[in-house]
Undergrad: 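Provided herewith is a single structure, encoded as structure tokens, for subsequent inquiry.
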Amino acid sequence: MLSFIARRLAMAVPTLFIVSVAVFALVRLVPGDPASLMLGDLATPAALADLRHRLGLDQSLPQQYLTWLANLLHGDLGQSITSQQPVLPLVLDRFVISARIVLVAVLLAAFVAVPAGMVAAWRQDSAVDLAVVGLSTLLLSIPTFWLGLLVLLLFGLKLGWLPVVGYVGFAEAPGKALLYLLMPVLTLFLHEIGVVVRMARASTLEVLRLDYITHARAKGLSEGEVMWRHAFHNSFGPTWTLLGLVLGNLLGGIAVVETVFTIPGLGRLLVDSIFGRDYPVIQGCLLLIAFVYVLVNLVVDLLYPLFDPRVTAQ
Amino acid sequence: MNSRTALVLAAALGFAAAAPAQTVNVARNADIRSLNPGVNRDDNTDAVMLHMVEGLVAMRENGSVGPLLAENVALAKDGVTYTFTLRKGVKFHNGAPLTAADVLWSWNRYMDPKTDWRCLSEFDGRNGLKVESVTAPNPQTVVMRINKPNGLFLDTLARPDCAGAGVIHKDSLNADGSFKAPVGTGPFKLDEWKRGEYVKLSKFAGYVSPAGKDTDGYTGAKRPLVDAVKFMVIPDPATTKAAIVSGAIDTAEMLDSDLLDLQKAPNVDVQTTTNGVKEVILFQTRDPVMGKQKIREAISHALDLRQLVPAVTSGLAKPNPSVIHTGSPFYDETQKQGYRYDPALARKLLQEAGYKGEVIKMITNKRAARPSFNIALISQQMMQAVGLNVEIEVLEWATQLDRYNKGNYQMMAFSYSARLDPALSYEQFSGPKDKQPRKVWENPQALALIEKASASSDEAERRRIFDELHKSFQQDIPMLMLFNEVQVNAVSRRMQGFRPWVATKPRLWEVKVTR
């Protein structure tokens, strides 16, 4: 097991290296100049050249990359061009905020969507199945920014139950922090249950058609036992893999929800830094997201044997 | 015992609860960049900073310049020596009294290249103007001597993007000389900055307001009447709208497309004001097609601005053919003269220019707060109606700005930030393209006139020059001035005293809230 983990982590190094090269190249291929953006419509060529020099943007691209990589190997992701903060603590702080929302939303989605998907498969073509599939398709089809606005208008504006703007950290006031996180979590939860329900239903349907399920029923086991002991364990594997992917995806794709609910998370930081051409922050965010992706998938693979003993972590 | 008596009794016994702190919540679409005035800054940073720091002079309501930390400013007969007499009783946020020595220290810090002040090049001679000496002959007097007469010296000192050359105390720096936090003389002082969330300023109880009954730009009455001001970062316009309607914030700059909804909201007032932002269509005069004056003239006649301008501003703005903003004292009858809509003449001019249907690319962007995309869309239709083959190229703002700075375009729907003095407004887009590709107008006579207007302090002479410049601008058509932006502010009815103005930034002094 330990060697498996070590091997997988070692495999992450070339992945992250490739990501770093790709991110560095792509970010600089995008037209636009951070110095221009900082100085605005009054930038003189001298002021632009001066700022580009101070930001190190007048160096050749390979030179810029090597400098960045050398610093990276020392645990230094550089300094934000716009806020002049060190990138590593900046992205980690923001990551914690996003991760909290994403984790809670995905866990809740899994707790609701997996049983719902299984029930829909168990009662295939019934009214329950139709309702679950219909609702999940609807939720899946609504863009998150619109869903977020609907949630905001309902709970923030119409009912006035939850604060419309702002953010409070858990360290400051846990109870208040929870209030501020309810709407973003609810939005992501609603969106993600659509994805998970469909996967849980499809994989359960597949399992329910297998002979051993018929055999279990022929033995006289109750439907509950058939579903829980025989169907769930074998059908949950693909959903578990999907949950890992969803988790990784959301960390990069949470920007819209964070923008609507004014959450100072990683997604918003990434989008802001793309608009501001804040190269070190973009690189830091994307590298962190890639690393988390690798890590989440590793955890998924390690835990997979719990659900499907045929698969071993080797 | 009635409730009033009970309250009095409770107060007398010391039981009365403390009055809740009055905080004004203001929405801003992005976080500030730093706390260092005029250094790492943008428009949001300046807006917050100018509540904490003040300069010797500042912008008035109409864009002219008046004294702020100075009680008066005297220009000697030599035209280059300015004597600033400081207001008495002014204190820094740390309680220290303001003296001429503080002004001198602050100025020297700005002029030190290590400070990285945005406006250093405006005062060190690189752009013509040079502050040759600054002295403090006594604690109440500062004398500045410049290299040659310059009518824009005080305007440049007052520029918001220079943080108004705000005077800060030595305590603003750490022991190693690095910047800590601004200790200024403004009506509010820094309380807390939570990056990505908000900047909170608290009332400076020791503030001494300049004379005047009313707020006058950044001068006039500036009393802090609320306990705190919280600038909240709300990037999404729809969330901002929900926040103002719900009462979570007290004022915000809104999209004009939200005007109708906001007018129906029971607890919100909508205030509009024309500011100095210029909405324009730029022409690249070095382009083979757009270089032909007759084609640019044809475009000027092809656009019906009386239709276009209201259509892209929800009926709020009016056409302005002049680069001088409509509230300026220099905005006279001459400045109102523009091109009349005449499609037949436009067609004739195109024929005379030998235009053969070459494709003209018009660059624009889709920033929510700017009308550039709609301007491009409607003007494209109007230009196509006279036979111009215009295609729209939508770029992300950073890319468009890059193309602008390189002069790499044929035609562009663009917004210029507010420059309130006419000479600064002309200078914004005029200059030799060989040296500065972003410049739009490079007529040598015009450049000489702009320089003359910059040097002059004589109002009558300046007016003559600006009128002459306007005529020349209309003749050359390096760009088409469409209108000045109309800023839409939603203001909670709980708030009194808030007024938007030509410089676009919110002012939270002389403002009260009732909860």
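When reading the values below, keep in mind they use all heavy atoms of this one structure, side chains included, and skip hydrogens, waters and symmetry mates. Residue numbering restarts at 1 for every chain, and letters A, B, ... go by the order of the sequence lines.
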Undergrad: With a 4.5 angstrom heavy-atom cut-off, could you sort out which part of A:Phe275 is near chain B: side chain, backbone, both or neither?
TA: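 Its backbone and side chain both get close to chain B.
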Undergrad: Could you tell me whether B:Lys433 atom NZ has more than 12 heavy atoms of other residues or ligands within 6.0 Å of it?
TA: yes
Undergrad: Using a cut-off of under 4.5 Å on heavy-atom pairs, state which of A:Val260, A:Asp33, A:Leu48 scores highest against chain B.
TA: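 Option with the top pair count is A:Val260.
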Undergrad: Indicate yes or no: at least one non-hydrogen side-chain atom of B:Asp236 is less than 4.5 angstrom from one of A:Leu149.
TA: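 When only atoms from C-beta onward are counted, A:Leu149 and B:Asp236 do touch, with a gap below 4.5 Å.
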Undergrad: Chain A heavy atoms under 4.5 Å from B:Lys439: which part of the residue, side chain, backbone, both or neither?
TA: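 Contact with chain A is absent: no heavy atom of B:Lys439 under 4.5 Å.
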Undergrad: Using non-hydrogen atoms only, which part of B:Asn40 is less than 4.5 Å away from chain A: side chain, backbone, both, or neither?
TA: side chain
Undergrad: Give me the atom names and distance for the closest heavy-atom approach of A:Val165 to B:Ala248.
TA: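 Closest pair (atom of A:Val165, atom of B:Ala248, distance): CG2-CB, 3.8 Å.
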Undergrad: About how many Å separate CD of B:Glu396 and CZ of A:Arg277, when rounded to the nearest 0.5 Å?
TA: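 The CZ atom of A:Arg277 sits 4.0 Å away from the CD atom of B:Glu396.
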Undergrad: Could you check if a side-chain atom of A:Gln84 sits within less than 4.5 angstrom of a side-chain atom of B:Ser34, using non-hydrogen atoms only?
TA: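 A side-chain contact under 4.5 Å is absent here.
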Undergrad: Report the distance from atom OG1 of B:Thr239 to atom CG of A:Leu153, rounding to the nearest 0.5 Å.
TA: 9.0 Å
Undergrad: Write down the atom of B:Glu197, the atom of A:Pro264, and the distance for their closest heavy-atom approach.
TA: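 B:Glu197 and A:Pro264 have their closest heavy atoms at CG-CG, 3.5 Å.
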Undergrad: Side chain, backbone, both or neither: which part of A:Glu258 has a non-hydrogen atom closer than 4.5 Å to chain B?
TA: neither
Undergrad: Which bit of B:Asp116 is near chain A, if near means a heavy-atom gap under 4.5 Å: side chain, backbone, both or neither?
TA: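 Side chain only.
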Undergrad: Please identify, among A:Leu51, A:Thr262, A:Ile263, the residue contributing the most non-hydrogen atom pairs under 4.5 Å to chain B.
TA: A:Thr262
Undergrad: With a sphere of 6.0 Å drawn around CD of B:Glu451, does it hold more than 12 non-hydrogen atoms of other residues, nucleotides or ligands?
TA: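 At most 12 heavy atoms, drawn from other residues, nucleotides or ligands, come within 6.0 Å of this atom.
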Undergrad: What are the two closest non-hydrogen atoms of B:Ala242 and A:Leu152, and how far apart are they?
TA: CB-CD2, 3.8 Å
Undergrad: When rounded to the nearest 0.5 angstrom, what is the spacing between CG in A:Asp93 and CZ in B:Arg195?
TA: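 One finds 10.5 Å between CG of A:Asp93 and CZ of B:Arg195.
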Undergrad: Step through the shown structure and confirm whether more than 12 heavy atoms of other residues, nucleotides or ligands are within 6.0 Å of NZ on B:Lys435.
TA: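 12 or below, so no.
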Undergrad: What part of B:Phe414 is in contact with chain A, defined as an atom under 4.5 angstrom from a non-hydrogen atom: side chain, backbone, both or neither?
TA: side chain
Undergrad: Examine whether an atom of B:Arg403 lies under 4.5 Å from a heavy atom of chain A, and if so say whether it belongs to the side chain, the backbone or both; otherwise answer neither.
TA: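 For B:Arg403, there is no contact with chain A at all, as no heavy atom is under 4.5 Å.
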Undergrad: Sort B:Thr240 into side chain, backbone, both or neither according to what part of it lies under 4.5 angstrom from a heavy atom of chain A.
TA: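 Contact with chain A: none, neither part.
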Undergrad: I'd like to know whether NZ of B:Lys194 has more than 12 heavy-atom contacts from other residues, nucleotides or ligands below 6.0 angstrom.
TA: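 Yes, the 6.0 Å shell around NZ holds more than 12 heavy atoms from other groups.
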